Amino acid sequence: MSLTSHLMVAGGNDPSAEWSRDEGHCELLGPQRTSTQAVRQSARLTKFHVPEVVFGPGSLTELGHCALRLGGRRPFLVTDAGLMEAGWVDEAVGHLRRAGLRPVVWGDVTPNPKDHEVQAGFERYAASGCDVIVGVGGGSVIDAAKGVAILSGNGGHVLDYEGVDQVVQPIPPTVMVPSTSGSGADVSQFAVITDTTEHVKITIVSRTLVPEISVIDPRLLTTMPDWLNAATGLDALTHAIEAFVSRAHNPLTDNHALHAVELITANLVRTQVAPRDFGARLAMAQAALEAGMAFTNAILGATHAMSHQVGGLLDAPHGVVNGVLLPHVIRFNAEAWPERFVALGAAAGLPVSGVPAREVAEQLADLVRALADDVGVPKGLASLGVAERDVPVLARTTLKDACMATNPRDVDVRDMETLFREAL
């Protein structure tokens, strides 16, 4: 099944196919006696799949009740050393125990979760007789938790499930508690795992991976180091921009994407200089949520496809790589569809009235680069360790990434090589 079929978007391959084009000139059909074909011809169809969301300062206190409602008795809590050191795991375990649950903690996850880590987590899960899976951490932790869930319900090796809709059996219920404002993994149908043999990241896309419940407590964001705050904030911005220009965008995803851009451009720098600022943290938590809801339903594009390859090669921070690549991809995609970037520019606070669409897109790319400068992200991939000799391989593997299916502009290997070289 293709990714656009998976999204149930008719006409999703045509960037010019706007939902609003004929809204004033069409009529809805009444009941049909036989086939639904006429109904399907009258409108584009899509799905908008998100978890139950518990949002706000102090919402971590609801974790035990959330796990209990899903049938949990012995939850498997996936986390990492940083969350343990910060004290959030102790608090989460306390809430689980107060609900009468007997949690098992597994914390051997590293950034950019590895295939062997997922295997080790699954073996611990199976041996401990656990049920509901709880992830407390950033995108790496949540992706690892999803990997454990995949193996629990489907067996095999996590790399077997690369691609779209390869996870065919049900998985255990999941509750995710994000500790960063950017990955969107707590609401998405994605899991990204590093293949340590081939040194690439593989993308798993399945509706089964959308968690049952996401518990978003902005307090957890206050213990992020500055570099992680910057990286995840830029990741969320990339989610929002790529979802808005995706071939599979729709009115439901558009509203969330635009609002996320507005919130991030107005608040990310503030969270760097005042980590405990209530308003800024709340805004970034909401921005990450809305960007996540947008991209899990509209999917992404070339920035993420490229970033996955760099991350697999170098184990580099995903959001940092996105921050480097995004301005280049904006300029590239705007050559094919500049009009789509006007609303994004307006959401980011740029003057757009009377300004040509291509100029707005160029200004948006400059704004993203300036924001990356403000939060300390390097200007080029070379500073992260990418070399000219890596470009051909990175370009070829990028084209295989699932995110390329919804990039608004068709891309070939030469285009990819050019983009990577521009970003060096």
Side-chain angles (χ1 to χ4, degrees), residues 18-20 48 50 53 55-57 178 180-184 186-188 216 218 221 229-246 249-275 277-298 300-301 303-304 319 322-323 326-327 329-330 333-334 337-355 357 359-375 377 408:
E18 296 288 344
W19 277 39
S20 60
F48 192 80
V50 294
V53 175
F55 182 95
T180 64
S181 48
S183 79
D186 56 299
V187 296
S188 83
I216 303 172
L221 309 182
N229 185 60
T232 56
L234 290 171
D235 192 19
L237 182 61
T238 308
H239 291 155
I241 290 174
E242 291 209 296
F244 190 77
V245 302
S246 163
H249 79 93
N250 64 68
L252 300 178
T253 61
D254 286 353
N255 288 335
H256 289 298
L258 290 175
H259 193 220
V261 169
E262 179 183 347
L263 291 173
I264 294 164
T265 53
N267 291 281
L268 177 56
V269 173
R270 179 63 180 167
T271 61
Q272 289 286 97
V273 299
D277 183 286
F278 180 87
R281 283 298 184 196
L282 200 64
M284 284 303 299
Q286 182 173 342
L289 169 62
E290 293 201 65
M293 292 192 297
F295 94 78
T296 190
N297 289 285
L300 294 160
T303 307
H304 269 79
N322 279 343
L326 181 57
V329 176
I330 288 173
N333 284 334
W337 198 14
E339 296 78 14
R340 192 67 185 157
F341 290 88
V342 174
L344 287 168
L350 294 173
V352 300
S353 180
V355 181
E359 187 174 333
V360 173
E362 181 65 31
Q363 291 176 4
L364 179 63
D366 291 342
L367 182 150
V368 171
R369 183 58 254 177
L371 182 59
D373 289 339
D374 288 343
V375 296
V377 166

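What you see is a predicted model; the values in this text were computed from it and never measured. Residue numbers count from 1 along this sequence.
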* **Working for side-chain contact (heavy atoms from CB on, under 4.5 Å), residues Glu362 and Phe341** => CA-CA 9 Å; Glu362 181 65 31; Phe341 290 88; over 6 Å; no

* Asked: Would you find more than 12 non-hydrogen atoms of other residues, nucleotides or ligands less than 6.0 Å from Phe48 atom CZ?
  -> yes

* **Shortest non-hydrogen separation from Val360 to Gly345 and the atoms involved** => CG1-CA, 4.1 Å

* Ionic contact status for Asp373 with Arg369, cut-off 4.0 Å -> yes

* Structure fact -> side chain to side chain contact (heavy atoms under 4.5 Å, CB included) with Leu364: of Val352, Leu326, Leu350, Val342, only one passes, and it is Leu350

* So do the side chains of Pro275 and Arg281 get within less than 4.5 Å of each other, counting heavy atoms only? -> yes

* Heavy-atom closest pair, residues Gly279 and Asn267 -> O-OD1, 4.5 Å

* Structure fact -> Value for CG (Asn250) from CG (Asn255), rounded to nearest 0.5 Å, stands at 9.5 Å

* Euclidean distance, Asp254 CG relative to Ser246 OG, rounded to 0.5 Å -> 9.5 Å

* For the side chain of Glu290 and the backbone of His259, is there at least one donor-acceptor N/O pair under 3.5 Å apart? -> no

* Between Gly182 and Ala288, which heavy-atom pair has the shortest distance, and what is it? -> N-CB, 3.4 Å

* To do: Measure the shortest side-chain to side-chain distance between Leu221 and Asn229 over non-hydrogen atoms and say whether it is less than 4.5 angstrom.
  => no

* Would you tell me whether Asp235 and His239 have side-chain atoms, one donor and one acceptor, within less than 3.5 Å of each other? => yes

* CZ-CE distance between Arg270 and Met284, expressed to the nearest 0.5 angstrom -> 14.0 Å

* Atom pair CG/CG of Leu263 and Leu268 - distance to nearest 0.5 Å -> 11.5 Å

* Asked: Short question: side chain of Thr238, backbone of Leu234 - any donor-acceptor pair under 3.5 Å?
  -> yes

* To do: Please round to the nearest 0.5 Å and tell me the distance separating atom CE of Met293 and atom NE2 of His256.
  => 4.0 Å

* To do: State, yes or no, whether a side-chain contact exists between Leu344 and Val245 at a heavy-atom distance under 4.5 Å.
  => yes

* Side-chain contact, heavy-atom cut-off 4.5 Å: Asn297 with Leu252? -> no

* Test Val187 against Phe295 for side-chain contact (heavy atoms from CB on, under 4.5 Å), laying out the working first. => CA-CA 10 Å; Val187 296; Phe295 94 78; 5.9 Å; no

* Structure fact -> Closest heavy-atom pair, Pro218 versus Ala285, reported as atoms and distance to 0.1 Å, is CG-CB, 4.0 Å

* When rounded to the nearest 0.5 angstrom, what distance separates CG in Leu300 from OG in Ser188? -> 9.0 Å

* To do: Determine whether Val269 and Val375 make a side-chain contact, defined as any pair of heavy atoms from C-beta on separated by less than 4.5 Å.
  => yes

* Considering only heavy atoms from C-beta outward, does the side chain of Phe244 approach that of Thr253 to under 4.5 Å? -> no

* Provide the closest heavy-atom pair for Val261 versus Thr265 in the form atom of the first, atom of the second, distance. => O-OG1, 2.8 Å

* Using atom types as modelled and distance alone, determine if a side-chain donor or acceptor of Thr232 lies under 3.5 Å from a backbone N or O of Thr180. => no

* To do: Mind listing the closest non-hydrogen atom pair of Pro351 and Gln363 along with its distance?
  => O-OE1, 4.2 Å

